[in-house]
Amino acid sequence: MKEYDHTEIEKKWQKHWSKKGIYTSKENPKEPKSYVLDMFPYPSGEGLHVGHPKGYIATDIYSRFKKMSGHNVLHPMGWDAFGLPAENYAIKTKTHPRDAVGKNIARYKEQLSGIGFNYDWKREINTTDPGYYKWTQWIFLQMYKKGLAFQSNDPINWCPSCQTGLANEDLDDGKCERCGSVVEKRPMRQWVLRITEYADRLLTDLGNLNWPESIKESQRNWIGKSEGAEISFKTKDSSEIRVFTTRPDTIFGATYLVLSPEHEFIQKNERKISNITEVIQYVEKTKNKTEIERTAVGKEKTGVQLKGITAINPANNEEIPVWIADYVLTSYGTGAIMAVPAHDERDFEFAKKFDLPIREVVVPNIIDQRNPPVAGKKSVERRNIHAIVRDPKTGKYLAIKWPKFNWITFPMGGVEVGESPEVAARREVLEETGFKNLKFVKVIDGQVRAEYFATHKDENRVAYTTAVVFELENHEQAEIDEKEKAQHEVTWIEEKQINYEYMTHAEANFWRDRLPQKFSQYTGVGFLVNSGEFSGKESEQVKKAIVDSVGGKMVTKYKLRDWVFSRQRYWGEPIPLIHCEKCGVVPVPEKDLPVKLPDVKNYAPTGTGESPLAAIEKWVHVKCPTCKGKAKRETNTMPQWAGSCWYYLRYMDPKNKKALVDPKKEKYWAPVDVYVGGAEHATRHLIYARFWHKFLFDIGVVSTIEPFTRLYNVGLILAEDGRKMSKRYGNVINPDDIVATYGADTFRIYEMFMGPFTQASAWDTKSIMGSRRFIERIWRLAEKVKAEGVQPNKKLETLLHATIKKVSADIETFSFNTAVSSLMILSREFEDASEVAVNDFKILLQLLAPFAPHVTDELWTSLGNKKTIHESMWPTFDPAKIVSDTVKIVVQVNGKVRDEFEIGVSAEENEVKERALSRENVIKWLNGAVPKRVIYVKGKLVNIVIE
RNA sequence: GCCCGGAUGGCGGAACUGGUAUACGCGCACGACUUAAAAUCGUGUCCCGAAAGGGUUGUGGGUUCGAUUCCCACUCUGGGCACCA
C-alpha cells in the first residue's frame with residue numbers, strides 16, 4: 001500500500017467535492033431540515049490562527065453527520081465586514097476599507113478551504129455588499145415607521161480615540177471595548193433603537209432556549225429586571241418628586257430624598273433653592289467626571305442639600321430634606337430615590353457622612369428551630385434586651401447557665417415602659433449576676449424579632465430584642481437574690497461561642513455578626529416596626545398595600561438601555577433617512593434602497609460629531625422625497641452589529657432582490673437549529689439579533705419568535721504559553737502550517753480531541769502527533785481488510801455497535817472528544833483482531849468521516865464505492881448486538897473491591913450472590929464472619945457487608 | 001458585594017440516573033527493529049510499600065452498604081453584573 005500522503009489526498013478530495021457540488025443545499029420538503037450555523041467572522045487583516053477554526057470544525061462535523069443521517073442540511077458561511085476594525089486597519093494601511101476587506105476575505109477563504117469545510121459557498125454573504133445592506137436599511141426603516149427608531153439628544157458615551165458615539169453594550173468597565181480609552185459623556189444628536197420595548201419578551205423567552213445557562217444568565221443580568229414602585233413625594237411648595245424604589249415597604253424609614261445631579265427638578269426650581277450657586281457647582285463637577293470616576297467602588301459619597309426645598313413623606317407626613325448626589329443615576333428609574341439609610345447600604349453611608357437621621361423600620365424575623373412556637377398556646381409580644389458584657393481582662397463574655405432548662409443565655413429580660421434599653425440591661429445584669437460596674441459601649445443597631453416557645457411560662461413569645469454591649473470595669477458584685485441564685489449560675493464564654501449552636505438565643509448569630517461592626521444595617525426582609533398601621537406586619541406582604549396607601553403604583557424597571565445606533569464613522573451602512581427643511585425627517589422611499597455608501601477621499605473620522613459622509617456635498621444634498629424641497633441626507637452610519645442582526649435569514653435566500661427572504665424558504669429553514677460561536681457575544685450580538693428577530697416576527701417577516709434554538713459556545717484555544725494567542729505576544733500558530741505539516745484531518749481530530757468543546761484549553765504541538773498516529777493506524781488498517789471468509793468475532797461486533805451508538809450520541813451533544821476517544825479504542829480492537837471484515841471497516845470509516853473527511857473518502861473509494869463517503873447513510877446500531885453474553889461482576893467486601901468474575905447475563909440475583917459468596921478470595925476476606933447484608937447491583941457488583 | 005461555572009496522575013482529560021476512579025491521548029522509562037538515530041511496534045507508568053496491604057478526585061464535615069457524583073461549610077480559580085435604589 002502507498003504511503004499516507006495527506007497533502008495529495010486532501011487537495012484531491014476538496015477539488016472533487018466542490019466539482020460535484022455535494023454541499024449545495026436546496027429546499028426539500030420531503031427531508032427533515034437541519035440549519036447549522038457558525039457565527040460569521042470579521043475578516044481582520046491578521047488572518048486566522050488555530051483557535052478560530054475550532055467552532056467551524058465542530059459545525060462541519062455536526063452538519064456532515066446530519067447529512068449522512070438523512071437530514072437536508074443548510075450550512076453556510078459569510079462575512080461581517082463593516083465596522084471599526086476594518087476601517088482602522090484601512091486607515092493604518094492607507095487602503096480603502098473595501099479593498100482591504102476584499103483582500104482579507106480572500107485570505108480567510110483560502111485558509112478555511114484548506115481545512116476541508118463543507119460550506120455551501122453559493123450562499124456566501126457579505127454585510128458590506130449593497131445587495132445585502134439594502135435589507136439592513138430596509139429593516140431600519142420598518143423600525144422607524146413603527147416608532148422604534150428615534151432621534152435623541154441625550155448625553156451618550158463618546159470614545160475620544162475612535163471618535164464616535166457608542167452603545168452601552170460597547171463599553172467594558174467604562175472603557176471603549178475596542179481601544180480601551182476612557183469614554184466621555186457627550187450630548188449629541190443620535191439615532192436610538194427602542195430595544196427596551198422588547199425587554200420583557202427578551203427576558204421571558206430565554207426560558208425555552210436550549211442555550212448554555214451562563215449565557216442566559218448574562219442576558220438576564222444585562223436586562224436587569226426589577227419590580228418596584230413609583231411614588232410621588234410632594235414638596236412643601238406643592239411641586240412633586242417622583243421616586244422609584246424596590247422597597248416601598250421601608251417608606252416609613254425614608255428620612256430624605258436624593259435626586260441625580262442631572263434631574264430636571266433643579267432647573268425648574270432654581271429660584272426656590274437658596275444655595276443654588278453651590279448646587280450648580282456640584283452639578284458641573286459631576287458633569288466633568290467620567291463614568292469610571294463616578295462609579296468607582298469604595299468611593300466616598302458626595303452630595304449637596306437643596307436648601308429651601310422640603311419634601312413630605314406621604315406615609316407619615318414627616319418633613320424631610322432633599323439632596324442631590326451623584327450616586328443616584330439619571331438614566332435609571334425616575335432619577336430620584338427615597339433614601340432609607342437603615343435598610344440600604346448606600347443611603348446608610350450617605351446618611352452617616354452628612355449626619356442624616358436613620359430610622360429602623362424592618363427587623364429580621366427568626367423562628368427558633370430548636371424551640372418553635374407551639375400551636376394552640378397563647379401568644380405574647382415582648383420587648384426584650386440582651387446584655388452583652390465583655391471582660392476586657394480575659395476577652396470573655398458574661399453568660400448564664402440555667403441547669404433546669406439546659407440553657408446558656410446572656411443576662412436578659414423585658415424592657416419596661418419608658419425605660420431605655422441601656423437602663424433595662426444594667427438592671428438585668430445586676431439582678432441576675434450582681435455585677436454593678438459596667439461601662440456602656442453601644443446599643444447594637446437593629447432589633448431582631450424572634451418567635452419561640454417559652455417553656456418556663458408555657459406560652460408562645462414574639463420577642464423584639466435589642467442587644468446592649470458593655471465592658472466590665474471591675475468584678476465588684478452585689479448580693480444576688482436567693483431565689484434567682486437557685487435558678488442559674490454565672491459563667492464566662494468565648495467570643496466564638498456567641499452563636500445559636502452554643503447558646504439558647506436564636507438571635508445569637510445576628511449578635512455575632514453585628515458585634516464587631518461599627519454600624520450595621522439590615523437590608524433583608526422581615527417585620528415592620530415604626531411603620532404606623534403597618535407595624536407588626538411582614539414587609540413582603542404589605543408592599544402593595546403601602547404603595548396603595550401613598551397613591552403610588554407598582555412598576556417594572558430594566559437596566560437595559562435603548563440602543564444608541566448611530567456612529568460618526570465612514571465604514572458602515574448609511575442610515576436611510578433624509579432631513580427636509582420643511583417636512584422634517586423623511587424616510588428614503590423603499591424603491592430607492594439601498595442608500596449606497598459613497599466613495600470618499602478622506603474617510604478618517606472628523607471628531608466633530610459628524611461622520612466623514614457629511615463632507616461629501618454631492619451625496620448629502622438631495623431633494624425631499626415628499627415635497628421635493630431642499631433636504632440633506634442623514635450622515636451617521638449604523639454600528640458594526642447591525643449587519644449581524646439578521647444575516648442568518650439571508651442565507652436562506654441570499655440572492656432575492658424582492659424580499660429580505662422568501663416566506664416559503666424562511667418557513668422551511670427557520671429557525672437555526674444549532675448555532676456555534678464565542679461566549680463574548682452574550683450581551684451584544686445575541687441580544688441585538690434576538691431583538692431584531694422579534695421585531696421581524698411582529699411585522700410578519702419571520703415565523704418563529706426566536707432565531708437560534710440551540711447554542712454552543714466554543715471554548716478558546718490558548719497559546720502554548722497559556723496566554724491568549726495574539727500577534728502582540730508572538731505566540732500565534734497558523735493553521736496553514738499545521739495543515740501543511742500534519743494534514744487537515746489530523747488538525748481537525750486534534751482540535752476536537754483536546755478536551756470538552758466548550759472549554760478553553762492550551763494548544764500543544766507535541767500532542768498533535770497522537771491524532772496523526774491515529775489516522776496512520778486507520779490507513780494501515782485498510783491492508784488487513786478482507787471481503788470474504790472472515791470468522792465472526794463477537795467481541796469486535798459488540799464493540800462496533802456500541803461505538804456506533806456512542807459516536808452518534810456524542811456528536812449530537814457536541815462531545816467530540818469522547819467520540820474520538822471511542823473511535824481510537826475501536827481502531828485498536830480492529831488492529832488486534834487477526835482479520836477485519838470489509839463491512840465492519842466501512843462502518844469505522846463512516847463513523848470517522850465527519851471528523852476526518854479526506855482520508856476516509858480516499859479509503860472508502862479504494863474499497864470500490866462509487867459515491868463519496870459523505871453521501872453514504874450513517875450506520876445504525878443493533879441494540880441486541882451491544883449486549884454481550886456474559887457480564888463481569890465485581891465483588892466488594894465492606895465496599896472494597898476484593899474479587900471479580902464473569903457470569904451469564906441472564907443469571908438470577910440469588911445465583912450471582914451465591915457465586916460471589918463461594919469465591920475463594922471472598923471467603924478469605926470474610927474470614928468466617930457472617931454477612932450482615934448482601935447488596936446486588938444488577939449486572940455490575942455484589943457488596944458483602946460484614947461489619 | 002450579588003449571580004453562574006470549574007478544581008480528578010507529570011500534562012490534556014474520561015467516568016451512564018450513587019456502583020471497579022484515572023478510559024483515550026501526550027509525556028516519560030524499558031525492550032524490539034537499526035551500525036546508529038528518527039519513525040514504528042511492544043511492555044510499563046496515580047501515591048506509599050520488598051510484599052501483604054493501605055491511601056487518593058481542592059479542604060473539612062455529613063447522608064449511604066457504597067460518594068468524583070447528593071447535602072453543609074470553606075479555599076482557590078474562570079466568567080457575568082455591579083452606587084441600577
Side-chain angles (χ1 to χ4, degrees), chain A residues 173 212-226 228-229 243-248 250 254 258 260 294-299 301 325-329 331-340 343-347 349-350 523 557-561 679-680 682-683 713 715-716 749-750 753-756 758-771 773-774 776-777 780 806 809 815 817-825 827-828 831 888-900 931-947:
Chain A
D173 198 22
E213 206 39 56
S214 59
I215 298 285
K216 293 207 255 183
E217 197 55 32
S218 290
Q219 293 210 351
R220 284 188 197 109
N221 281 342
W222 191 259
I223 295 167
K225 179 176 181 170
S226 47
V243 305
F244 173 70
T245 176
T246 54
R247 292 297 301 274
T250 63
V258 189
S260 70
R294 216 177 134 166
T295 60
V297 236
K299 193 199 75 156
K301 296 268 178 295
D326 65 3
Y327 82 90
V328 174
L329 308 176
S331 47
Y332 186 73
T334 60
I337 60 154
M338 61 176 209
V340 186
H343 305 291
D344 181 278
E345 271 178 61
R346 297 149 301 181
D347 299 344
E349 265 178 57
F350 193 79
T523 55
K557 298 278 179 197
Y558 300 92
K559 284 197 277 189
L560 183 72
R561 303 294 144 84
E680 68 274 15
T683 53
N713 284 134
L716 271 183
I749 297 262
Y750 172 64
F753 187 60
M754 285 175 85
T758 58
Q759 189 181 300
S761 46
W763 179 267
D764 181 20
T765 301
K766 264 194 299 193
S767 289
I768 202 172
M769 270 315 295
S771 304
R773 285 183 197 129
F774 170 53
E776 286 176 2
R777 200 153 64 228
R780 283 196 306 271
K806 172 123 183 92
S815 311
N817 56 332
T818 49
V820 172
S821 155
S822 60
L823 286 169
M824 285 174 171
I825 294 169
S827 75
R828 287 277 186 199
E831 209 169 41
K888 191 168 75 179
I889 301 288
V890 170
V891 188
Q892 298 183 333
V893 177
N894 278 347
K896 294 210 156 121
V897 180
R898 297 304 183 191
D899 199 9
E900 61 181 51
K932 218 166 113 189
R933 240 177 114 182
V934 180
I935 289 145
Y936 174 56
V937 180
K938 195 169 187 307
K940 279 194 177 137
L941 100 173
V942 175
N943 186 12
I944 304 163
V945 185
I946 50 175
E947 196 50 21

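Chain naming here is simple, since letters A, B, ... match the order of the sequence lines and numbering starts at 1 in each.
Using C1' as the reference atom, A15(B) and G60(B) are 25 Å apart when rounded to the nearest Å. Comparing A32(B) with A37(B), their C1' atoms are spaced 15 Å from each other, to the whole Å. Taking atom P in both U40(B) and G53(B), the straight-line distance is 39 Å, to the nearest Å. U17(B) and G6(B) are spaced 14 Å apart, taking the P atom of each and rounding to whole Å. If you take atom P in U63(B) and the same atom in G10(B), they sit 32 Å apart, rounded to whole Å. The gap from the C1' atom of G27(B) to that of C11(B) amounts to 7 Å, rounded to the nearest Å. G62(B) and G18(B) are spaced 15 Å apart, taking the C1' atom of each and rounding to whole Å. Nucleotides G9(B) and U57(B), compared at atom C1', are 10 Å apart to the nearest Å.
Look at G49(B): it lacks any Watson-Crick or wobble partner with both distances under 3.5 angstrom. Using Watson-Crick or G-U wobble geometry with both donor-acceptor distances under 3.5 Å, A67(B) finds no partner in any strand shown. Base pairing of A14(B): no nucleotide in any strand meets the Watson-Crick or G-U wobble criterion (both distances under 3.5 Å). In this entry A7(B) has U75(B) as its Watson-Crick or G-U wobble partner, both defining distances falling under 3.5 Å. Summarising the base pairing, U20(B) is matched to no nucleotide, lacking a Watson-Crick or G-U wobble pair whose two defining distances lie under 3.5 Å. Within the shown strands, C41(B) is the pairing partner of G31(B) under the Watson-Crick or G-U definition, both distances less than 3.5 Å. In this structure, C81(B) forms a base pair with G1(B), meeting either the Watson-Crick or the G-U wobble geometry with both donor-acceptor distances under 3.5 Å.
Between the CD atom of Glu680(A) and the P atom of C81(B) there is a distance of 13 Å, given to the nearest Å. Put simply, NZ on Lys559(A) is 5 Å from C1' on C81(B), counting in whole angstrom units. For the pair Arg220(A) CZ and C81(B) C1', the computed distance is 14 Å after rounding to whole Å. Taking atom CD1 of Ile768(A) as the reference point, atom C1' of C26(B) lies 12 Å away to the nearest angstrom. As rounded to whole Å, 9 Å separates atom C1' of C83(B) from atom CD1 of Ile337(A). One interatomic measurement links the two molecules: CG of Asp326(A) to C1' of C83(B), which rounds to 9 Å at whole-angstrom precision. Straight-line distance from the OH atom of Tyr558(A) to the C1' atom of A85(B): 17 Å, rounded to whole Å.
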Give every donor-acceptor pair under 3.5 Å between a side-chain atom in residues 331-339 of chain A and any protein atom, sequence neighbours left out.
from, atom 1, to, atom 2, distance (Å)
Ser331(A), OG, Arg561(A), NH1, 2.8
Tyr332(A), OH, Ser226(A), OG, 2.7
Thr334(A), OG1, Arg242(A), O, 2.8
Thr334(A), OG1, Phe244(A), N, 3.3
Thr334(A), OG1, Ala336(A), N, 3.4
Thr334(A), OG1, Ala336(A), O, 3.3

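Residue-level contact check: Val328(A) touches the bases, meaning some heavy atom is under 4.0 Å from a base atom. In this structure, Lys557(A) reaches neither bases nor backbone, as no heavy-atom distance under 4.0 Å exists between it and the strands shown.
For the side-chain contact (heavy atoms from CB on, under 4.5 Å) test, residues two or more places apart in sequence or in another chain that qualify with Glu831(A) are Arg777(A), Arg780(A), Leu781(A), Arg828(A). Take Ser761(A) and apply the side-chain contact (heavy atoms from CB on, under 4.5 Å) test, not counting sequence neighbours, and it matches Met754(A). Tyr327(A) is linked by a ring-ring contact (aromatic ring centres under 6.0 Å, His included) to Phe350(A), counting only residues two or more places apart in sequence or in another chain. In this structure, the side-chain hydrogen bond (donor to acceptor under 3.5 Å, both in side chains) partners of Thr818(A), at least two apart in sequence or on a different chain, are Asp810(A). Considering only residues two or more places apart in sequence or on other chains, Lys216(A) meets the side-chain hydrogen bond (donor to acceptor under 3.5 Å, both in side chains) condition with none of them. The side-chain contact (heavy atoms from CB on, under 4.5 Å) test applied to Ser260(A) returns Glu262(A), His263(A), Val328(A), Thr330(A), not counting sequence neighbours. For Asp344(A), the salt bridge (Lys or Arg N to Asp or Glu O under 4.0 Å) criterion is met by Arg346(A), not counting sequence neighbours.
Where Ala336(A) and Trp222(A) each meet RNA chain B at their nearest nucleotide, the meeting point lying more 5' is that of Trp222(A).
For residues 888-899 of chain A, the pairs satisfying salt bridge (charged side-chain N to carboxylate O under 4.0 Å, His left out) are Lys888(A)-Glu900(A), Asp899(A)-Arg919(A), with sequence neighbours left out.
Closest approach of Phe753(A) to Val820(A), counting heavy atoms only: CD1-CG1, 3.6 Å.
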request  = Walk me through it: do Glu217(A) and Arg220(A) pass the test salt bridge (Lys or Arg N to Asp or Glu O under 4.0 Å)?
outcome  = CA-CA 5 Å; Glu217(A) 197 55 32; Arg220(A) 284 188 197 109; 3.0 Å; yes
Contact state string [nucleotides 13-25 of chain B, B base, S sugar-phosphate only, - no protein heavy atom under 4.0 Å] = SS-B--BB--BBS
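Proximity of a side-chain donor or acceptor of Asp347(A) to a complementary backbone N or O of Val340(A) within less than 3.5 Å is detected. Looking at Tyr750(A), its side chain does come within 3.5 Å of a backbone N or O of Asp764(A) through a donor-acceptor pair. The backbone N or O of Asn817(A) lies less than 3.5 Å from no partner atom in the side chain of Ser821(A), so there is not a single donor-acceptor pair.
The side chain of Tyr327(A) contributes no N or O atom lying less than 4.0 Å from OP1 or OP2 of A85(B).
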Table of protein N/O atoms under 3.5 Å from nucleotides 52-58 of chain B N/O atoms:
from, atom 1, to, atom 2, distance (Å)
G54(B), OP1, Arg898(A), NH2, 3.2
G54(B), OP2, Arg898(A), NH1, 3.2
G55(B), OP2, Lys896(A), NZ, 3.1

Protein N or O to nucleotides 1-10 of chain B N or O, pairs below 3.5 Å:
from, atom 1, to, atom 2, distance (Å)
C3(B), O2', Glu217(A), OE2, 3.0

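G9(B) takes the syn form, because its glycosidic angle lies no more than 90° either side of 0.
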